[in-house]
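For reference, the structure discussed in these notes is given below.
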Amino acid sequence: YGPNLGLRAGMRGLVALARRGRNVFATPRFSNYVRYLAHEFEPFRTGEFVGGASGGPGLPYPTSMIIAKYLLPDDPVADYVWRHYVGDDYRRNLRWQGWHDYALFGTDWDAGREHTLAGTDMELTAFYPRRGKLVTRADWSEGALHLNLDARPDAFQIGHDTVDRGHFILGSHGRRWAVRGSWHLWRTSADHSLVHVDGKAQAWKAPSVRFLHHEDTGDAVTGVADLKYAYDWEWSP
(Lines give C-alpha, C1' and ligand atoms only; values in the text may rest on other atoms or scores of the structure.)
Protein backbone atom coordinates (compact mmCIF):
# COMPACT_ATOMS: atom_id res chain seq x y z
CA TYR A 1 0.00 0.00 0.00
CA GLY A 2 3.02 2.28 0.00
CA PRO A 3 2.69 3.70 3.55
CA ASN A 4 6.41 3.62 4.32
CA LEU A 5 9.80 4.07 2.70
CA GLY A 6 10.53 0.34 2.53
CA LEU A 7 7.46 -0.48 0.46
CA ARG A 8 7.98 2.50 -1.84
CA ALA A 9 11.57 1.44 -2.46
CA GLY A 10 10.32 -2.09 -3.03
CA MET A 11 8.00 -0.94 -5.80
CA ARG A 12 10.94 0.72 -7.56
CA GLY A 13 12.96 -2.46 -7.14
CA LEU A 14 10.17 -4.44 -8.82
CA VAL A 15 10.39 -2.11 -11.82
CA ALA A 16 14.09 -2.89 -12.11
CA LEU A 17 13.40 -6.63 -11.88
CA ALA A 18 10.67 -6.36 -14.54
CA ARG A 19 13.20 -4.88 -16.96
CA ARG A 20 15.38 -7.93 -16.34
CA GLY A 21 12.74 -10.54 -17.04
CA ARG A 22 11.01 -11.03 -13.67
CA ASN A 23 7.86 -9.04 -14.33
CA VAL A 24 5.61 -9.14 -11.26
CA PHE A 25 3.46 -6.46 -12.87
CA ALA A 26 2.27 -8.89 -15.56
CA THR A 27 0.63 -11.15 -12.97
CA PRO A 28 -3.05 -11.18 -11.94
CA ARG A 29 -2.01 -10.08 -8.45
CA PHE A 30 -0.84 -6.69 -9.66
CA SER A 31 -3.94 -6.23 -11.81
CA ASN A 32 -6.09 -7.06 -8.78
CA TYR A 33 -4.12 -4.57 -6.68
CA VAL A 34 -4.82 -1.75 -9.16
CA ARG A 35 -8.51 -2.66 -9.12
CA TYR A 36 -8.43 -2.56 -5.31
CA LEU A 37 -7.09 1.00 -5.46
CA ALA A 38 -10.00 2.03 -7.69
CA HIS A 39 -12.54 0.54 -5.28
CA GLU A 40 -11.07 2.36 -2.28
CA PHE A 41 -11.54 5.81 -3.79
CA GLU A 42 -14.80 7.62 -3.21
CA PRO A 43 -16.45 8.12 -6.62
CA PHE A 44 -16.56 11.92 -6.78
CA ARG A 45 -13.54 13.86 -8.04
CA THR A 46 -12.70 15.35 -4.65
CA GLY A 47 -13.20 11.97 -2.97
CA GLU A 48 -10.52 10.36 -0.87
CA PHE A 49 -8.96 6.95 -0.35
CA VAL A 50 -11.22 5.84 2.48
CA GLY A 51 -10.54 2.23 3.37
CA GLY A 52 -8.34 2.63 6.43
CA ALA A 53 -5.19 1.59 4.58
CA SER A 54 -2.19 3.92 4.77
CA GLY A 55 -3.73 5.62 7.76
CA GLY A 56 -6.60 7.04 5.67
CA PRO A 57 -8.87 8.61 4.84
CA GLY A 58 -6.98 10.98 2.64
CA LEU A 59 -4.64 10.39 -0.27
CA PRO A 60 -1.86 7.85 0.38
CA TYR A 61 1.72 8.04 -0.82
CA PRO A 62 1.76 8.11 -4.63
CA THR A 63 4.42 5.56 -5.62
CA SER A 64 2.19 2.59 -6.37
CA MET A 65 -0.34 4.69 -8.28
CA ILE A 66 2.33 6.43 -10.37
CA ILE A 67 3.95 3.12 -11.28
CA ALA A 68 0.59 1.51 -12.08
CA LYS A 69 -0.17 4.22 -14.64
CA TYR A 70 3.39 4.10 -16.00
CA LEU A 71 3.30 0.34 -16.54
CA LEU A 72 -0.35 0.14 -17.66
CA PRO A 73 -0.71 3.29 -19.79
CA ASP A 74 -3.78 2.05 -21.68
CA ASP A 75 -5.54 0.39 -18.76
CA PRO A 76 -8.77 2.25 -17.87
CA VAL A 77 -8.55 1.26 -14.20
CA ALA A 78 -4.97 2.53 -13.76
CA ASP A 79 -6.00 5.67 -15.64
CA TYR A 80 -8.99 6.19 -13.33
CA VAL A 81 -6.81 5.80 -10.24
CA TRP A 82 -4.14 8.20 -11.51
CA ARG A 83 -6.57 10.92 -12.54
CA HIS A 84 -8.42 10.57 -9.25
CA TYR A 85 -5.15 10.92 -7.36
CA VAL A 86 -3.65 13.99 -9.07
CA GLY A 87 -6.86 15.73 -10.15
CA ASP A 88 -7.70 17.48 -13.38
CA ASP A 89 -4.69 19.82 -13.17
CA TYR A 90 -2.12 17.36 -11.72
CA ARG A 91 -1.81 19.48 -8.58
CA ARG A 92 -4.12 17.63 -6.22
CA ASN A 93 -1.58 15.64 -4.26
CA LEU A 94 2.01 16.57 -5.05
CA ARG A 95 3.46 15.02 -1.90
CA TRP A 96 7.17 15.26 -1.24
CA GLN A 97 7.30 11.51 -0.54
CA GLY A 98 6.73 10.91 -4.25
CA TRP A 99 8.94 13.55 -5.88
CA HIS A 100 11.42 10.92 -7.05
CA ASP A 101 8.63 8.86 -8.60
CA TYR A 102 6.88 11.82 -10.22
CA ALA A 103 10.17 12.65 -11.96
CA LEU A 104 10.93 9.09 -13.11
CA PHE A 105 7.50 7.64 -13.87
CA GLY A 106 4.97 10.50 -13.94
CA THR A 107 2.70 10.49 -16.99
CA ASP A 108 -0.56 11.93 -18.29
CA TRP A 109 -3.94 10.44 -17.72
CA ASP A 110 -6.05 9.89 -20.84
CA ALA A 111 -7.81 13.19 -21.53
CA GLY A 112 -10.20 11.46 -23.92
CA ARG A 113 -11.48 8.99 -21.34
CA GLU A 114 -14.38 9.81 -19.03
CA HIS A 115 -13.72 9.91 -15.31
CA THR A 116 -15.70 6.73 -14.75
CA LEU A 117 -15.31 2.99 -15.05
CA ALA A 118 -18.84 2.50 -16.36
CA GLY A 119 -18.76 0.22 -19.36
CA THR A 120 -15.65 -1.65 -18.19
CA ASP A 121 -15.53 -5.04 -16.48
CA MET A 122 -15.10 -3.44 -13.04
CA GLU A 123 -17.51 -5.02 -10.60
CA LEU A 124 -19.78 -2.87 -8.41
CA THR A 125 -19.11 -4.99 -5.31
CA ALA A 126 -15.75 -6.29 -4.12
CA PHE A 127 -15.02 -8.43 -1.07
CA TYR A 128 -11.54 -9.03 0.38
CA PRO A 129 -11.68 -12.01 2.77
CA ARG A 130 -8.21 -11.66 4.31
CA ARG A 131 -8.78 -7.97 4.83
CA GLY A 132 -12.39 -8.31 6.03
CA LYS A 133 -13.53 -5.55 3.68
CA LEU A 134 -16.68 -5.11 1.63
CA VAL A 135 -16.90 -2.25 -0.88
CA THR A 136 -19.99 -1.64 -2.99
CA ARG A 137 -21.60 1.11 -5.05
CA ALA A 138 -24.78 1.68 -7.04
CA ASP A 139 -22.85 2.39 -10.24
CA TRP A 140 -19.60 4.02 -11.40
CA SER A 141 -20.94 7.57 -11.67
CA GLU A 142 -19.55 10.35 -9.49
CA GLY A 143 -22.84 10.70 -7.59
CA ALA A 144 -23.29 7.00 -6.88
CA LEU A 145 -24.22 5.60 -3.48
CA HIS A 146 -20.97 4.16 -2.12
CA LEU A 147 -20.37 1.97 0.98
CA ASN A 148 -17.09 0.78 2.50
CA LEU A 149 -17.48 -1.71 5.39
CA ASP A 150 -14.18 -2.46 7.12
CA ALA A 151 -14.00 -5.31 9.65
CA ARG A 152 -10.17 -5.48 9.68
CA PRO A 153 -9.93 -9.15 10.75
CA ASP A 154 -6.16 -9.21 11.01
CA ALA A 155 -5.59 -5.88 12.81
CA PHE A 156 -4.05 -4.75 9.53
CA GLN A 157 -2.35 -1.51 10.56
CA ILE A 158 0.26 -1.82 13.28
CA GLY A 159 1.17 1.83 13.72
CA HIS A 160 -1.85 3.53 12.18
CA ASP A 161 -4.41 1.37 13.96
CA THR A 162 -7.62 2.76 15.43
CA VAL A 163 -10.63 1.49 17.37
CA ASP A 164 -12.81 0.82 14.35
CA ARG A 165 -13.53 -2.89 13.82
CA GLY A 166 -16.80 -2.87 11.88
CA HIS A 167 -16.68 0.80 10.95
CA PHE A 168 -18.36 1.88 7.73
CA ILE A 169 -18.15 4.88 5.40
CA LEU A 170 -21.18 5.87 3.34
CA GLY A 171 -21.43 8.51 0.64
CA SER A 172 -23.71 9.66 -2.16
CA HIS A 173 -24.30 12.63 -4.46
CA GLY A 174 -20.70 13.73 -4.15
CA ARG A 175 -20.72 13.90 -0.34
CA ARG A 176 -19.66 11.68 2.54
CA TRP A 177 -22.52 11.01 4.97
CA ALA A 178 -21.00 8.49 7.39
CA VAL A 179 -17.38 9.45 7.90
CA ARG A 180 -14.10 8.09 9.21
CA GLY A 181 -11.55 10.64 10.36
CA SER A 182 -7.79 10.56 10.24
CA TRP A 183 -6.04 8.09 12.52
CA HIS A 184 -4.10 11.06 13.96
CA LEU A 185 -7.24 12.35 15.69
CA TRP A 186 -9.92 9.63 15.59
CA ARG A 187 -8.48 7.14 18.09
CA THR A 188 -11.20 6.29 20.63
CA SER A 189 -14.39 4.25 20.28
CA ALA A 190 -16.49 7.41 20.60
CA ASP A 191 -14.88 8.73 17.40
CA HIS A 192 -16.30 5.89 15.29
CA SER A 193 -19.70 4.46 14.34
CA LEU A 194 -19.61 1.72 16.99
CA VAL A 195 -22.07 0.25 19.47
CA HIS A 196 -21.52 1.40 23.07
CA VAL A 197 -22.82 -0.60 26.05
CA ASP A 198 -22.96 1.33 29.33
CA GLY A 199 -20.70 3.90 27.72
CA LYS A 200 -18.04 1.37 26.67
CA ALA A 201 -17.15 -0.08 23.28
CA GLN A 202 -14.03 -1.56 21.71
CA ALA A 203 -10.79 -0.87 23.53
CA TRP A 204 -7.60 0.35 21.86
CA LYS A 205 -6.18 -1.68 20.23
CA ALA A 206 -9.02 -3.92 19.11
CA PRO A 207 -8.09 -7.45 17.97
CA SER A 208 -9.34 -9.49 15.03
CA VAL A 209 -13.00 -10.03 14.19
CA ARG A 210 -14.78 -12.46 11.85
CA PHE A 211 -16.58 -11.54 8.65
CA LEU A 212 -19.55 -13.92 8.60
CA HIS A 213 -21.44 -13.20 5.41
CA HIS A 214 -21.46 -11.10 2.27
CA GLU A 215 -23.82 -11.19 -0.69
CA ASP A 216 -24.72 -9.13 -3.75
CA THR A 217 -28.04 -10.29 -5.21
CA GLY A 218 -28.18 -7.56 -7.82
CA ASP A 219 -30.96 -5.84 -5.89
CA ALA A 220 -29.27 -5.54 -2.50
CA VAL A 221 -25.84 -5.97 -0.93
CA THR A 222 -25.40 -7.35 2.59
CA GLY A 223 -22.39 -7.81 4.83
CA VAL A 224 -22.20 -9.15 8.39
CA ALA A 225 -19.21 -9.21 10.75
CA ASP A 226 -18.98 -10.68 14.26
CA LEU A 227 -17.33 -7.97 16.39
CA LYS A 228 -17.70 -9.61 19.81
CA TYR A 229 -14.02 -10.54 20.17
CA ALA A 230 -13.04 -6.92 19.61
CA TYR A 231 -15.20 -5.94 22.60
CA ASP A 232 -13.85 -8.70 24.87
CA TRP A 233 -10.10 -8.13 24.51
CA GLU A 234 -7.47 -5.57 23.59
CA TRP A 235 -3.84 -5.70 22.50
CA SER A 236 -1.24 -4.12 24.73
CA PRO A 237 -0.21 -0.64 23.53
Side-chain angles (χ1 to χ4, degrees), residues 1-118 120-123 126 128 131 133 135 137 140 142 146 148 156-160 182-184:
Y1 301 89
N4 59 51
L5 290 172
L7 287 178
R8 298 205 302 276
M11 284 290 288
R12 298 169 194 143
L14 290 176
V15 173
L17 286 172
R19 290 174 173 167
R20 288 159 176 79
R22 299 191 64 179
N23 190 2
V24 175
F25 302 107
T27 66
R29 282 195 173 192
F30 184 70
S31 175
N32 290 338
Y33 172 69
V34 178
R35 294 168 78 95
Y36 159 76
L37 294 176
H39 277 294
E40 290 287 60
F41 274 112
E42 294 170 303
F44 45 97
R45 293 198 186 201
T46 58
E48 298 181 333
F49 193 88
V50 296
S54 297
L59 292 173
Y61 294 151
T63 302
S64 58
M65 302 185 193
I66 296 173
I67 290 178
K69 177 58 182 171
Y70 173 78
L71 292 171
L72 304 171
D74 300 318
D75 180 67
V77 183
D79 189 70
Y80 175 91
V81 169
W82 183 228
R83 182 170 184 174
H84 209 126
Y85 190 83
V86 297
D88 292 344
D89 59 0
Y90 299 94
R91 295 177 179 272
R92 186 174 184 214
N93 198 40
L94 295 175
R95 301 182 61 153
W96 67 265
Q97 294 94 336
W99 285 349
H100 181 261
D101 306 298
Y102 290 119
L104 289 178
F105 306 112
T107 186
D108 291 338
W109 42 256
D110 186 349
R113 184 176 287 142
E114 292 186 37
H115 189 71
T116 178
L117 290 174
T120 70
D121 65 346
M122 279 291 288
E123 60 278 345
Y128 303 94
R131 183 70 171 81
K133 175 186 292 295
V135 184
R137 67 193 68 219
W140 279 100
E142 291 190 37
H146 173 264
N148 192 306
F156 174 72
Q157 284 289 342
I158 299 175
H160 293 173
S182 167
W183 66 275
H184 290 279

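Values below: every heavy atom of this structure, side chains too, minus hydrogens, waters and symmetry copies.
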Do the non-hydrogen side-chain atoms of [X] and [Y] ever get within less than 4.5 Å of each other?
| X | Y | result |
| --- | --- | --- |
| E48 | N93 | no |
| V81 | K69 | no |
| D88 | R83 | yes |
| M122 | Y80 | no |
| Y90 | D108 | yes |
| K133 | E40 | yes |
| T116 | E142 | no |

Main chain of P60, side chain of Y85: is a donor-acceptor contact present, judged purely on distance under 3.5 Å? yes
Tell me if the CD atom of E114 is crowded by more than 12 foreign heavy atoms within 6.0 Å.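 Atom CD in E114 is not packed in, count stays at 12 or less.
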Residue set satisfying side chain to side chain donor-acceptor pair (under 3.5 Å) with D74, at least two apart, ordered chain then number -> none
Residues passing the side chain to side chain donor-acceptor pair (under 3.5 Å) test with R20, sequence neighbours excluded, are none
Measure up the F30 and Y33 rings against each other and bin them: parallel (under 30°), tilted (30 to 60°), perpendicular (over 60°). tilted
Compare every heavy atom of [Y] with every heavy atom of [X], then report the nearest pair and how far apart it is.
| X | Y | result |
| --- | --- | --- |
| D75 | V34 | OD2-CG1, 4.4 Å |
| R95 | W99 | O-CD1, 3.3 Å |
| L59 | G47 | CD2-O, 4.4 Å |
| R92 | T46 | NH2-O, 2.8 Å |
| G106 | I66 | N-CG2, 3.9 Å |
| F41 | F49 | CD2-N, 3.9 Å |

Any chance you could measure T120, atom OG1, to D79, atom CG, to the nearest 0.5 Å?
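Here the interatomic distance stands at 11.5 Å.
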Exercise. Decide whether E42 and H84 meet the rule of one side-chain donor and one side-chain acceptor closer than 3.5 Å.
Key: no
request  = Test side chain to side chain contact (heavy atoms under 4.5 Å, CB included) on R35 and L117 and set out the steps.
outcome  = CA-CA 11 Å; R35 294 168 78 95; L117 290 174; over 6 Å; no
Notebook entry, point to check: Only one of F105, W109, F25 clears ring pair (Phe, Tyr, Trp, His ring centres under 6.0 Å) with Y70; which?
Noted result: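 Among F105, W109, F25, the one that satisfies the ring pair (Phe, Tyr, Trp, His ring centres under 6.0 Å) with Y70 is F105.
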Side chain to side chain contact (heavy atoms under 4.5 Å, CB included) evaluation trace for H146 with V135 = CA-CA 8 Å; H146 173 264; V135 184; 3.9 Å; yes
The test is ring-ring contact (aromatic ring centres under 6.0 Å, His included); show your working for H115 and W82 and say whether it passes.
CA-CA 10 Å; H115 189 71; W82 183 228; over 10 Å; no
